[in-house]
Amino acid sequence: MSIYQKYYQPLTISDAVKSLVDAAGLAAVIAGGTDLLLEIRQGRHSPVDLLIDVSEIPEMGRISLEG
């Protein structure tokens, strides 16, 4: 069983959103993916067609409270 068919690592939020919208099948957004990959291997989550890894997007590497 293949866990995923395609892997994409965008560098911007816009590219990540576009790839999610354009995905032909089931897509999942990850930032590491350990939990999702284990769930797929253990049969608790369906395999995905596309993994979108947002770990290289600078804005996704921090949490801030504004306002």
Side-chain angles (χ1 to χ4, degrees):
M1 171 183 72
S2 178
I3 293 175
Y4 59 90
Q5 300 299 316
K6 296 179 184 177
Y7 173 85
Y8 180 55
Q9 192 171 43
L11 299 177
T12 67
I13 292 174
S14 295
D15 285 343
V17 170
K18 182 174 179 353
S19 63
L20 189 57
V21 169
D22 293 345
L26 184 60
V29 177
I30 61 169
T34 303
D35 292 342
L36 176 64
L37 296 177
L38 285 174
E39 286 186 6
I40 293 172
R41 284 192 181 118
Q42 295 171 354
R44 294 190 310 227
H45 191 288
S46 300
V48 298
D49 298 303
L50 174 64
L51 281 179
I52 303 168
D53 183 353
V54 298
S55 63
E56 292 298 315
I57 300 174
E59 297 89 349
M60 301 300 284
R62 64 182 183 276
I63 298 173
S64 63
L65 179 62
E66 298 177 15

Exercise. Going by heavy atoms in the side chains, are Leu11 and Ile57 under 4.5 Å from each other?
Worked result: no
Exercise. Val29, Val17: one ILVMFWY side-chain cluster at the under-4.5 Å cut-off?
Worked result: yes
Please set out all donor-acceptor pairs under 3.5 angstrom arising from side-chain atoms of residues 59-67, sequence neighbours excluded.
| residue | atom | partner | partner atom | Å |
| --- | --- | --- | --- | --- |
| Arg62 | NH1 | Pro58 | O | 3.4 |
| Ser64 | OG | Glu66 | OE2 | 3.4 |

Name each donor-acceptor pair under 3.5 Å that joins a side chain in residues 43-52 to protein atoms two or more places apart or in another chain, with its distance.
| residue | atom | partner | partner atom | Å |
| --- | --- | --- | --- | --- |
| Arg44 | NH1 | Gln42 | OE1 | 3.1 |
| Arg44 | NH2 | Gln42 | OE1 | 2.9 |
| Asp49 | OD2 | Leu26 | N | 2.8 |

Exercise. Should Tyr8 and Leu20 be regarded as members of a common hydrophobic cluster, given that ILVMFWY residues are connected when their side-chain heavy atoms come within less than 4.5 Å of each other, either directly or indirectly?
Worked result: yes
Exercise. Does any pair with a residue in residues 14-26 pass side-chain hydrogen bond (donor to acceptor under 3.5 Å, both in side chains), and if so which ones, sequence neighbours excluded?
Worked result: Thr12-Asp15, Lys18-Asp22
For this session: Apply side-chain hydrogen bond (donor to acceptor under 3.5 Å, both in side chains) to Gln9 and list each qualifying residue two or more places apart in sequence or on a separate chain.
Result: Asp53, Ser55
For this session: Look at the side-chain heavy atoms of Ile, Leu, Val, Met, Phe, Trp and Tyr, link any pair under 4.5 Å apart, and say whether Ile40 and Tyr7 land in one connected group.
Result: yes
Exercise. For residues 23-34, which residue pairs qualify under side-chain hydrogen bond (donor to acceptor under 3.5 Å, both in side chains), counting only residues two or more places apart or in two chains?
Worked result: none
